[in-house]
Amino acid sequence: MILQQLRWQIVATQIVVVIVGVITLTVTANLLAIRTVDPALLPTFRVAVGQALIVAALAATLAGLGAALLLMRQVLHPLRAIAASSRRIAAGHYAERVAVPPSDELAALAESFNQMAAALAEIEVQRVALIGNVAHELRTPLASLEGYLEGLVDGVIPDDPASFATMQHEVRRLRRLVDDLQTLSRVEAGQVELRIAPCDLAALVERIVAQLRPQLIDSDLTITVQQAPAIAVADADRVAQIVLNLVGNAIRYT
């Protein structure tokens, strides 16, 4: 509908230009005729000028319509292609791209559209990968809990404090994963407020290593921290969360 309106606007603009030109020429010719032409020849002159203006108006109309058709072909065709591609992208076809037209303005529009489509495709790939990773991370503690519960029901695993402690550890893992997903959702929604201030990275790393020391002992691992003064302007809590996740994953998979 919008492109159809634009097409008629282009045609109407050309017709208005022709009408204004004919009226201007008619008025100018009459004024000049009154001043310069013999009154006896004035009717004949006006008839001749009128015929010439009619021919000129027809020629100008045809030329204007031709220019309008050429302009519509150069402008509306790329816009129609972008509109069709946007509908296909909205339907989930993120590999859709449009050809870049020769016009500089439309070329910039097409390139921006292609960049948007590429960004959406990358986001979709990351979303699918995230779902797969989350499913994998959730499957491990759930399978462990299921095994312990089945063992308790069958009497294979004793219902002692050690068994319940192991199950509690798996429940904590699940809760941590859910908390991470909630944090990610808040970050994507722009609901996480950063408190930016100077923070001592060396002290932050020391605190994280102390926090992870029980996991290091259980995994028979050690971490060597090289002390160096480092002050950063950042959100200390979020930086600690990032380093904690990285080092925690390194401990878990080493």
Side-chain angles (χ1 to χ4, degrees), residues 89-90 92 94 112-149 152 157 159-254:
I89 289 179
Y94 296 106
S112 299
F113 180 87
N114 289 335
Q115 292 175 0
M116 179 200 69
L120 289 175
E122 184 178 356
I123 291 174
E124 178 64 14
V125 171
Q126 294 176 356
R127 185 186 68 83
V128 173
L130 175 62
I131 292 175
N133 292 333
V134 169
H136 175 73
E137 291 291 338
L138 292 175
R139 189 180 297 113
T140 302
L142 286 175
S144 178
L145 284 174
E146 183 180 14
Y148 270 95
L149 290 174
L152 289 173
I157 297 177
D159 53 349
D160 54 9
S163 299
F164 290 115
T166 303
M167 295 173 63
Q168 185 182 28
H169 176 72
E170 297 300 329
V171 171
R172 287 174 178 171
R173 286 182 60 189
L174 285 173
R175 185 175 63 182
R176 185 174 66 250
L177 289 172
V178 172
D179 290 341
D180 290 343
L181 288 176
Q182 186 178 15
T183 302
L184 178 61
S185 176
R186 292 177 58 196
V187 170
E188 293 292 335
Q191 298 177 353
V192 175
E193 181 180 357
L194 298 179
R195 289 187 284 269
I196 306 298
C199 62
D200 187 353
L201 295 181
L204 184 144
V205 170
E206 285 289 346
R207 176 165 55 85
I208 292 174
V209 171
Q211 183 178 349
L212 294 174
R213 198 169 304 280
Q215 298 182 31
L216 291 168
I217 296 174
D218 292 339
S219 302
D220 195 19
L221 297 173
T222 58
I223 292 182
T224 301
V225 179
Q226 295 181 352
Q227 288 286 356
I231 304 298
V233 179
D235 188 323
D237 292 336
R238 298 303 174 188
V239 174
Q241 184 179 7
I242 294 171
V243 179
L244 183 63
N245 288 334
L246 289 174
V247 180
N249 288 332
I251 295 173
R252 189 176 303 114
Y253 296 108
T254 299

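Keep in mind that what you see is a predicted model, and the values were worked out from it rather than measured. Below, each value reflects all heavy atoms present in this structure, side chains not excepted, and no hydrogens, waters or symmetry copies. Numbers here are sequence positions counted from 1.
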Enquirer: Could you tell me the separation between the CD1 atom of I123 and the CG atom of L130, rounded to the nearest 0.5 Å?
Expert: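 One finds 12.5 Å between CD1 of I123 and CG of L130.
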Enquirer: Going from CZ on R213 to OG1 on T222, what distance comes out if it is rounded to the nearest 0.5 angstrom?
Expert: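 Reported to 0.5 Å precision, the distance equals 10.0 Å.
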Enquirer: What is the distance from atom CG of L216 to atom CD of Q211, rounded to the nearest 0.5 Å?
Expert: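 Reported to 0.5 Å precision, the distance equals 11.5 Å.
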Enquirer: What I'd like to find out is whether the side chain of I231 reaches to under 4.5 Å of the side chain of D200, using heavy atoms alone.
Expert: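 Of all side-chain heavy-atom pairs linking D200 with I231, at least one is under 4.5 Å.
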Enquirer: Please determine whether the number of non-hydrogen atoms from other residues, nucleotides or ligands lying under 6.0 Å from atom CD of E122 exceeds 12.
Expert: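 Atom CD in E122 is not crowded, with 12 or fewer foreign heavy atoms closer than 6.0 Å.
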Enquirer: Roughly how far, to the nearest 0.5 Å, is CG of L212 from CD1 of I251?
Expert: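 Rounded to the nearest 0.5 Å, the CD1-CG separation comes out at 4.5 Å.
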Enquirer: Compare all side-chain heavy atoms of L142 with those of L174 and state whether any distance is below 4.5 angstrom.
Expert: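 Yes; the side chains approach each other to less than 4.5 Å.
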Enquirer: Kindly check if the number of other-residue, nucleotide or ligand heavy atoms within 6.0 Å of CD (Q182) is above 12?
Expert: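 Not buried by this count: 12 neighbours or fewer within 6.0 Å.
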Enquirer: Compare every heavy atom of L194 with every heavy atom of D235, then report the nearest pair and how far apart it is.
Expert: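 The answer is OD2-CA, 3.3 Å.
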Enquirer: What closest approach, in Å, do V239 and L201 show between heavy atoms, and which atom pair accounts for it?
Expert: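 Nearest heavy atoms, V239 then L201: CG1-CD2, 4.3 Å.
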Enquirer: How far does CD1 of I89 sit from CG of L120, to the nearest 0.5 angstrom?
Expert: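 One gets 6.5 Å once the value is rounded to the nearest 0.5 Å.
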Enquirer: Indicate yes or no: at least one non-hydrogen side-chain atom of L204 is less than 4.5 angstrom from one of R207.
Expert: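 They are in side-chain contact.
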Enquirer: Hey, what do you get for CZ (R172) to CZ (R175), rounding to the nearest 0.5 Å?
Expert: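 Reported value, rounded in 0.5 Å steps: 7.0 Å.
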Enquirer: Shortest non-hydrogen contact from M167 to L145?
Expert: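 Shortest heavy-atom separation between M167 and L145 comes out as O-CD2, 3.5 Å.
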Enquirer: Is the shortest side-chain heavy-atom distance between N249 and R252 below 4.5 Å?
Expert: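 The answer is yes; the side chains approach within 4.5 Å.
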Enquirer: If you count the non-hydrogen atoms of other residues, nucleotides and ligands that lie under 6.0 Å from CG in D220, is the total more than 12?
Expert: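 Not buried by this count: 12 neighbours or fewer within 6.0 Å.
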